[in-house]
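Residue numbers start at 1 and run along the sequence shown.
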Amino acid sequence: MKLMLSPPVLVTLSIAYGALVAVLGALGASATGTVALVGALLIGGLWAVRGVVQSRH
């Protein structure tokens, strides 16, 4: 089974994390920075993995 990270899925995930961070910021939650950092690392990592895998094929 091959792992395929499609761009539409990653874009949707990016938008969802952005919306979550925006809601947390609007509510003044103390975890906004942590959620933004974790989301950036996860989503950025997924985009990087997709780029590396895509360039090998």
Side-chain angles (χ1 to χ4, degrees):
M1 183 175 117
K2 290 185 177 182
L3 175 63
M4 298 301 293
L5 296 170
S6 67
V9 171
L10 292 175
V11 168
T12 302
L13 187 60
S14 298
I15 291 170
Y17 262 114
L20 176 64
V21 170
V23 168
L24 288 175
L27 295 175
S30 62
T32 304
T34 303
V35 170
L37 176 64
V38 170
L41 291 174
L42 286 174
I43 293 172
L46 288 173
W47 277 107
V49 167
R50 183 189 182 281
V52 168
V53 170
Q54 183 75 18
S55 67
R56 290 186 183 183
H57 294 297

For a quick test of your reading: what N or O donor-acceptor pairs under 3.5 Å do the side chains of residues 20-32 make, sequence neighbours left out?
residue, atom, partner, partner atom, Å
Thr32, OG1, Leu24, O, 3.4
Thr32, OG1, Ala29, O, 2.9

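In terms of the side-chain contact (heavy atoms from CB on, under 4.5 Å) criterion, residue partners of Val38 (sequence neighbours excluded) are, by chain and number, Thr34, Leu42.
Of all the heavy atoms in Ser14 and Trp47, the pair that sits closest is OG-NE1, 3.5 Å.
Follow the hydrophobic side-chain contacts under 4.5 Å out from Leu13 and you reach Val53 in the same cluster. Note: the hydrophobic cluster containing Val11 does not contain Val9 (ILVMFWY, side chain heavy atoms under 4.5 Å, direct or indirect links).
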